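Sequence lines set the chain letters: A, B, ... in the order given, protein chains first and strands last, and positions in each chain run from 1. It should be emphasised that the depicted structure is a prediction, and the values quoted were computed from it without experimental measurement.
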2 protein chains.
Amino acid sequence: MPEFDLQNFLPFRLSRLSYEVSNRMAEIYSDQFDIGIPEWRILATLAAKKQCTAKAIVASTRTHKSTISRGVARLTENGWIEQISSRQDKRQHLLQLTDTGKSKFGEIKPLVEKFEKDLRAKLSSEAIGQLTAGIGALEKILELGSAESLKEK
Amino acid sequence: MPEFDLQNFLPFRLSRLSYEVSNRMAEIYSDQFDIGIPEWRILATLAAKKQCTAKAIVASTRTHKSTISRGVARLTENGWIEQISSRQDKRQHLLQLTDTGKSKFGEIKPLVEKFEKDLRAKLSSEAIGQLTAGIGALEKILELGSAESLKEK
DNA sequence: GTAGATTGGTTGCAATTGAAACCAAATATA
DNA sequence: TATATTTGGTTTCAATTGCAACCAATCTAC
């Protein structure tokens, strides 16, 4: 008769947590603006990097390449982002926010930042430190390190 | 020109982390046994509680009720779990592992436990403590507390 | 009791997803 | 230079998902 303590099992706790956080946050922008999680990630990445290719977004967000491809297509249709054909390599397109995109992202950003701020506000500063350090350590061993160390999935 | 530091944004880091961990773990059992994440959760919950209803699994795993419903159907077809009609309330069925289910889960469990153990082994004991405490704190404020405090989504 | 609301669970449907096949451009090998 | 391999990205297809409508059993209010 196999026992199992699911409630204390790390992978499970992580996934439940992330599901909850992502969904609560997605409520904020998916209603008011018509975008989903992949689009949000693309926008945020482009806001951070100013310009980059789809591949770079795939690597840094660890989202499936077809999901990013479709997100890019949708955002391009909506006029939030645009492609600058880099003449170096005609396979890849450099992406960047359009003025509309910047403006829209400018609206979403404070909402999302407020969400995270509210979350942090409910935690003790000790807990925040622990969480950040713990996540950082886990990222490191999973080679999810900050940005560039990421390999294609 | 909106800046945004996605790489340090908590919700994003959590989701990337959880995605990575869940997928690596799912590789372990989805190949050898023919089950997905929902099935795994149902099995683990039943192994922990011995008997419970689908509703209880929904609450404790925070997985959508239709997902659990379908998972239960699949596992029942495969003969891994069975329903005991509780004569109290004819809407709900008490679920439990069959002998086959127990045996199969008994095979999966050590693999999955090894996965978590290997993960922990790569972390310093300080990091483990931080991670656990941090996650616990976040669970608390999201009311993801252990088990019973969970409300229907 | 009976009408109405609630609850546990299922199902139909549309949307999202990931894997794999694919395409065109670029690079390596010959 | 021709050929093969790799690479960035798209698309097709099947599977999974979540929402909403639904069903049957229970509970509530009259």
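Looking at B:Arg70, its side chain comes within 3.5 Å of the base of D:dG18 through a donor and an acceptor atom.
Listed by first then second residue, pairs satisfying side chain to side chain donor-acceptor pair (under 3.5 Å) with a partner in residues 36-46 of chain B read A:Ser15-B:Arg41, B:Glu39-B:Arg74, B:Arg41-B:Thr63, not counting sequence neighbours. Counting only residues at least two apart or in different chains, ring pair (Phe, Tyr, Trp, His ring centres under 6.0 Å) contacts with residues 108-133 of chain B are absent. For residues 66-95 of chain A, no residue pair satisfies the ring pair (Phe, Tyr, Trp, His ring centres under 6.0 Å) rule, not counting sequence neighbours.
A rotation axis mapping the C1' atoms of four pairs onto the next four is fitted at both ends of the helix from C:dG1-D:dC30 to C:dA30-D:dT1 over five pairs, and the angle between these axes is 20° to 10 degrees.
In this structure A:Asp5 satisfies the salt bridge (Lys or Arg N to Asp or Glu O under 4.0 Å) test with no other residue, sequence neighbours excluded. The side-chain contact (heavy atoms from CB on, under 4.5 Å) search around A:Ala73 returns none, not counting sequence neighbours. Residues meeting the ring-ring contact (aromatic ring centres under 6.0 Å, His included) test with A:Phe33, sequence neighbours left out: none. Applying the side-chain hydrogen bond (donor to acceptor under 3.5 Å, both in side chains) test to A:Glu113 and every residue at least two apart in sequence or in another chain returns nothing. Shown here are the side-chain contact (heavy atoms from CB on, under 4.5 Å) partners of B:Ala54, two or more places apart in sequence or in another chain: B:Ile68, B:Leu95.
When rounded to the nearest whole Å, the span between CD1 of B:Ile68 and P of C:dT11 equals 15 Å. In this structure, B:Ile81 atom CD1 and C:dG9 atom C1' are separated by 13 Å, rounded to whole Å. Remark: P of C:dA26 and NE2 of A:His93 are 11 Å apart, rounded to the nearest angstrom.
A 4.5 Å side-chain heavy-atom check between B:Lys50 and B:Gln96 finds every atom pair outside the cut-off. Taking the side chain as every heavy atom from C-beta outward, A:Glu27 and A:Asn23 never approach each other to under 4.5 Å.
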Output one line per pair: protein atom, nucleotide atom from nucleotides 20-26 of chain D, and distance, for all N/O pairs under 3.5 Å.
residue, atom, partner, partner atom, Å
D:dT26, OP1, B:Lys90, N, 2.8

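Within residues 35-46 of chain A, the residues that place at least one heavy atom under 4.0 Å from DNA chain C are, in residue-number order, A:Pro38.
Residues A:Thr67 and B:Ala73 each lie close to DNA chain C; by heavy-atom proximity, the contact nearer the 5' end of the strand is made by B:Ala73.
At least one side-chain nitrogen or oxygen of B:Tyr19 sits closer than 4.0 Å to the OP1 or OP2 atom of C:dG18.
The side chain of B:Gln92 lies closest to C:dG8 when the candidates are D:dG9, C:dG8, C:dT11.
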Residues 117-127 of chain B side chain polar contacts: donor-acceptor under 3.5 Å, at least two apart:
residue, atom, partner, partner atom, Å
B:Asp118, OD2, B:Lys114, NZ, 2.7
B:Arg120, NE, B:Glu116, OE2, 3.3
B:Arg120, NH2, B:Glu116, OE2, 3.0
B:Ser124, OG, B:Ala127, N, 2.9

